[in-house]
Amino acid sequence: MRITMVGTGYVGLVTGTCFANTGNDVICLDIDPRKIEKLNRGESPIYEPGLDDLIHRNARAGRLTFTTDKQKAYESAEVVFLCVGTPSDEVGRADLQYVLAAAADLGKAMTLAPGATGGDAEERRRKIIVVKSTVPVGTNTKVRATIAQHTDKPFFMASNPEFLKEGAAINDFMKPDRVVIGVDDESAGGRLSALYEPFVRNGHPIHVMDIASAEMVKYASNAMLATKISFINEIACLCEAYGANIDEVRRGMCADARIGHQFLYPGLGYGGSCFPKDVLACIGMGIEAEHPATLLKAVHEVNQAQRQAFIQKIVAHFEGRLSGRKIAVWGIAFKPGTDDVREAPAVTIMKHLLDAGATVTAHDPVAHETCRQIKGVGDRISYADNMYDTLDGADALIVCTDWDEFKNPNFDVIRQRMAEPVIFDGRNLYKISMMYDERFVYHSVGRASIWPASVKA
Ligand SMILES: NC(=O)c1ccc[n+]([C@@H]2O[C@H](COP(=O)([O-])OP(=O)(O)OC[C@H]3O[C@@H](n4cnc5c(N)ncnc54)[C@H](O)[C@@H]3O)[C@@H](O)[C@H]2O)c1
């Protein structure tokens with residue numbers, strides 16, 4: 001199939017590359033010329049494990065090309081996937097400006113796909129416009145209307161929400177738990193199902209449904225996952241208040257098969273480019289429908305409070321005096337395996353520290369470049385190439401992302417290089433008993449803080 005991906009971000013670039021890898025001819029279109037120049041030089045503009053190799057292989061085979069030329073990208077496509085961003089607007093609703101701008105471009109360039117004419121063939125030549133971006137219910141209708149303002153050529157609409165996770169995006173896309181396709185035309189559903197067949201050989205299902213339900217599946221899924229995170233964080237707060245240990249509570253609770261272990265880890269709350277904005281967008285949909293999304297409002301509030309509570313632990317430790325403190329930070333990305341720092345807890349925490357007069361030296365295996373672009377934070381911190389180089393003379397170490405390399409560090413080196421052996425662990429990477437033996441002042445989430453007697457606070 002001839003496919004055009006609109007937007008070469010985390011979703012468009014990964015999914016386009018994977019479609020090329022199964023033999024399709026894929027054009028990746030972006031309005032950002034820097035991204036396209038990079039891709040045409042063979043460099044990926046994002047970090048995603050395994051992506052560089054896959055891009056090279058498919059670009060070399062001539063199945064994967066990159067362009068800013070909208071006309072060229074839209075003209076030849078049989079299927080167009082809209083994968084542009086849908087960030088929150090100023091009141092938290094999904095901002096559809098990028099989706100609708102792409103729809104207008106598409107309408108202006110609309111053609112029937114080249115090929116046979118007459119009878120069924122005519123129908124097969126209609127382009128399928130697929131909204132892959134995460135969008136509120138009803139967006140497909142708006143996209144259809146926007147395209148139709150600029151063309152009288154017939155086309156099909158479809159919704160195909162994406163469930164990949166940054167850091168494991170290729171595997172998630174190649175072996176999805178499920179594929180969801182929303183259509184209002186059976187033949188379009190059949191063509192899209194055929195495109196996904198190579199990815200579901202493991203027997204996982206392709207669910208074809210109506211467009212509104214497909215749009216809703218994505219929000220419902222992300223809202224559920226965000227709810228699990230806020231739930232366990234709320235329980236962690238209660239554990240701290242009452243002297244229980246969240247690790248033990250988790251073990252006891254998650255052994256129940258109805259509950260399970262996944263997505264029930266206490267920490268700094270959810271971040272990234274999806275959960276925060278998707279929960280807010282659900283709340284926004286509720287407001288528009290005059291149905292208050294009471295539960296999801298609470299999920300959002302708990303998430304905000306979680307970061308603030310962790311910051312307050314740091315403030316309390318230093319008795320409110322952060323000015324002049326040297327703080328080391330391990331991990332900037334919102335989770336391991338990605339360079340994405342959008343809504344990352346580390347960014348909120350570092351901003352607070354900087355505003356309070358502390359200096360921050362941070363290390364992340366891949367997210368320095370993306371962090372540098374965050375005004376007011378990325379341009380005010382120092383970056384260390386090595387995790388231990390953040391520590392010299394530091395008054396505290398804050399662990400913000402659970403990258404594997406932070407899980408089993410050399411505590412002797414940490415203690416020697418820091419001015420004070422104080423760790424704030426936002427990911428509960430270390431055992432309480434071990435930190436006691438290692439003589440650290442240790443603050444974590446949902447567990448009692450420890451202050452070994454031999455350590456000067
Ligand atoms: N990032 C994820 O893990 C993830 C997972 C599932 C779903 N989603 C959803 O997918 C969508 C895209 O997310 P992302 O993280 O890939 O976004 P992104 O910000 O990384 O990429 C979006 C890209 O679209 C480009 N763009 C904007 N307008 C354009 C236009 N008119 N024509 C061509 N290109 C245009 C931008 O330049 C940018 O490169 C969002 O709705 C998001 O919620 C994201």
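For ligands, and for the atoms within them, numbers begin at 1 and follow the listed sequence. Remember, predicted model here, so these are calculated numbers, not experimental data. Counting from 1, the numbers follow the sequence of the chain as shown.
- Here the protein heavy atom with the shortest distance to atom 26 (N) of ligand 1 is Val84 CG1, 3.6 Å.
- Taking every non-hydrogen atom of Glu166 and a distance limit under 4.0 Å, the qualifying atoms of ligand 1 come out as 1 (N), 2 (C), 3 (O).
- A donor atom on one side chain and an acceptor atom on the other are not found under 3.5 Å apart for Tyr265 and Asp402.
- Any N or O atom pair closer than 3.5 Å counts here, and Thr134 shares at least one such pair with ligand 1.
- Under a 3.5 Å cut-off, the side chain of Asp389 and the backbone N or O of Ala384 do not form any donor-acceptor pair.
- Contact atoms of ligand 1 toward Gly7: 23 (C), 24 (O), 25 (C), 33 (C), 34 (N) (distance under 4.0 Å to a heavy atom of the residue).
- Under a cut-off of 6.0 angstrom, the local environment of CZ in Phe231 is sparse, with at most 12 non-hydrogen atoms contributed by other residues, nucleotides or ligands.
- Counting heavy atoms closer than 4.0 Å to ligand 1, residue Ser133 contributes atoms from both its backbone and its side chain.
- Between Tyr10 and ligand 1, a contact under 3.5 Å exists for at least one N or O pair.
- Listed by number with element, the atoms of ligand 1 under 4.0 Å from a non-hydrogen atom of Lys35 are 38 (C), 39 (O).
- Ring planes of Tyr47 and Trp403: tilted class, angle from 30 to 60°.
- Protein heavy atom at the shortest distance from atom 5 (C) of ligand 1 is Leu164 O, 3.6 Å.
- When each atom of ligand 1 is checked for a heavy atom of Val6 under 4.0 Å away, the hits are 32 (N), 33 (C).
- Atom 6 (C) of ligand 1 has as its closest protein heavy atom Glu162 O, 3.2 Å.
- Taking a 4.0 Å cut-off on heavy atoms, Lys165 fails to register as neighbouring ligand 1.
- Note on ring orientation: taking the six-membered ring where Trp is involved, the planes of His368 and Tyr383 are tilted (angle from 30° to 60°).
- Heavy atoms from other residues, nucleotides or ligands lying under 6.0 Å from NZ of Lys407 number more than 12.
- Counting only heavy atoms of the protein, atom 15 (O) of ligand 1 lies nearest to Arg342 NH2, 3.0 Å.
- Taking atom 37 (O) of ligand 1 as the reference point, the nearest protein heavy-atom neighbour is Asp30 OD1, 2.6 Å.
- Proximity of Cys274 to ligand 1, defined as any heavy-atom pair under 4.0 Å, is confined to the side chain (atoms from C-beta onward).
- Each of the following atoms of ligand 1 lies closer than 4.0 Å to a heavy atom of Lys277: 42 (C), 43 (O).
- A side-chain donor-acceptor contact under 3.5 Å links Asp425 and Tyr442.
- For atom 13 (O) of ligand 1, the closest non-hydrogen atom on the protein side is Val11 CG2, 4.1 Å.
- With a 6.0 Å radius and a threshold of 12 heavy atoms from other residues, nucleotides or ligands, Arg34 has its CZ atom at or below the threshold.
- Nearest protein heavy-atom contact of atom 28 (N) of ligand 1 is Ile31 CD1, 3.4 Å.
- With contacts defined as side-chain heavy-atom distances shorter than 4.5 Å, the pair Pro266/Glu240 does not qualify.
- Residue Asn386 places its CG atom among more than 12 non-hydrogen atoms of other residues, nucleotides or ligands, all under 6.0 Å distant.
- Between the side chains of Thr111 and Lys127, at least one donor-acceptor pair of N or O atoms lies under 3.5 Å.
- Residue contacts with ligand 1 leave out Lys70, since none of its heavy atoms falls under 4.0 Å from the ligand.
- Counting the atoms of ligand 1 from 1 in the order shown, those under 4.0 Å from a heavy atom of Gly85 are 22 (C).
- Nearest protein neighbour of atom 40 (C) of ligand 1, counting heavy atoms only, is Thr86 OG1, 3.5 Å.
- Scanning for side chain to side chain donor-acceptor pair (under 3.5 Å) contacts around Thr8 gives Asp30, with sequence neighbours left out.
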